[in-house]
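Below is one structure, written out as structure tokens, with a few remarks after it.
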Amino acid sequence: MNDLTFLRQAIQLAREYSRTGKGGPFGAVVVREGEVVGLGRNQVVEALDPTAHAEVLAIRDAARRLGTHLLDDCAIYCSCEPCPMCLSAIYWARIPRVVFAGKGEDAKAAGFDDTLIAQELAFGWKDRALQGDQALGEEGKKVLEEWARDPDRVEY
């Protein structure tokens, strides 16, 4: 199989499930060594979960199937350019390659506008539209320091 085959599979997932009325028009496929190891389709409405984007679900599926949270030897194929949340998940999974069909502008034209989110991420907390208040900073920092000192911690 080649890139276009996997990309078409992601597009087909988007098409199939968006037609059911249970999800948005997004699909994703995670591939390792030429084999599909994760599938995802948008399930935001169906699952009542705003994080149930195709890419996130494909990453979860791949991680479960492969028994690891690190997908650094995989690629992800997406029916559309990943939104900021999905792009962050791709980075956290350490996936080194993203192949996508539609562009963010195409999603925006269809009613999926993540422009505000992308812009807000560039700002510090005091400049964001979302209110963010820090409290118990030292207690939170202590938990992180304890974890960093633990020789048995699992790195990610």
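Note: hydrogens, waters and symmetry copies are ignored here, and every other heavy atom, side chains too, is used. As the structure is a prediction and not an experimental result, all values here were calculated from the model.
When all heavy atoms are compared, the tightest approach of A28 to A58 is O-CB, 3.7 Å. Residues E55 and P82 come closest through the heavy atom pair OE2-CA, 3.7 Å. Between R153 and W147, the shortest heavy-atom contact is CD-O, 3.1 Å. In plain terms, the two heavy atoms of K103 and D106 that are nearest each other are N-OD2, 2.7 Å. In plain terms, the two heavy atoms of N42 and G24 that are nearest each other are OD1-N, 2.9 Å. Closest of all the heavy-atom pairs between T68 and L70 is OG1-N, 3.1 Å.
Each of I76 and V31 belongs to its own hydrophobic cluster when Ile, Leu, Val, Met, Phe, Trp and Tyr are linked at side-chain heavy-atom distances under 4.5 angstrom. At a threshold of 4.5 Å between side-chain heavy atoms, the hydrophobic network of Ile, Leu, Val, Met, Phe, Trp and Tyr places I11 and L57 in two separate groups. One hydrophobic cluster holds both I95 and F100 under the rule that ILVMFWY side chains link at heavy-atom gaps under 4.5 Å.
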Report all side-chain donor-acceptor pairs from residues 129-144 shorter than 3.5 Å, counting only partners two or more places apart or in another chain.
{"from": "Q131", "atom 1": "NE2", "to": "D133", "atom 2": "OD2", "distance (Å)": "2.6"}

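In this structure the side chain of L13 never reaches within 4.5 angstrom of the side chain of S79, judged on heavy atoms. Here the side chains of L39 and Q9 are in contact, with some heavy-atom distance below 4.5 Å. When side chains are defined from C-beta on, I117 does not count as touching C83, because their heavy atoms never get closer than 4.5 Å. Between R65 and R32 the shortest side-chain heavy-atom distance does not fall below 4.5 Å. A 4.5 Å side-chain heavy-atom check between M85 and H53 finds at least one atom pair inside the cut-off.
In this structure, the separation between CZ on R97 and CG on D73 is 14.0 Å, given to the nearest 0.5 Å. The distance from atom CD1 of I59 to atom SG of C86, rounded to the nearest 0.5 Å, is 7.0 Å. How far CD of Q12 is from CZ of R41: 13.0 Å, rounded to the nearest 0.5 Å. To the nearest 0.5 Å, atom OG of residue S88 and atom CG of residue L121 are 6.5 Å apart.
Listed for the R128 side chain is a donor-acceptor partner under 3.5 Å among the backbone atoms of E120. The closest donor-acceptor contact from the side chain of R94 to the backbone of W92 lies under 3.5 Å.
When each of D61, V37, V30 is tested with L66 by the rule side chain to side chain contact (heavy atoms under 4.5 Å, CB included), just one qualifies, namely V37.
For R8, the CZ atom counts as loosely surrounded, since its 6.0 Å shell holds 12 or fewer non-hydrogen atoms of other residues, nucleotides or ligands. Within a 6.0 Å sphere centred on CD of E35, heavy atoms belonging to other residues, nucleotides or ligands number 12 at most.
Donor-acceptor pairing under 3.5 Å is recorded for the side chains of D3 and Y77.
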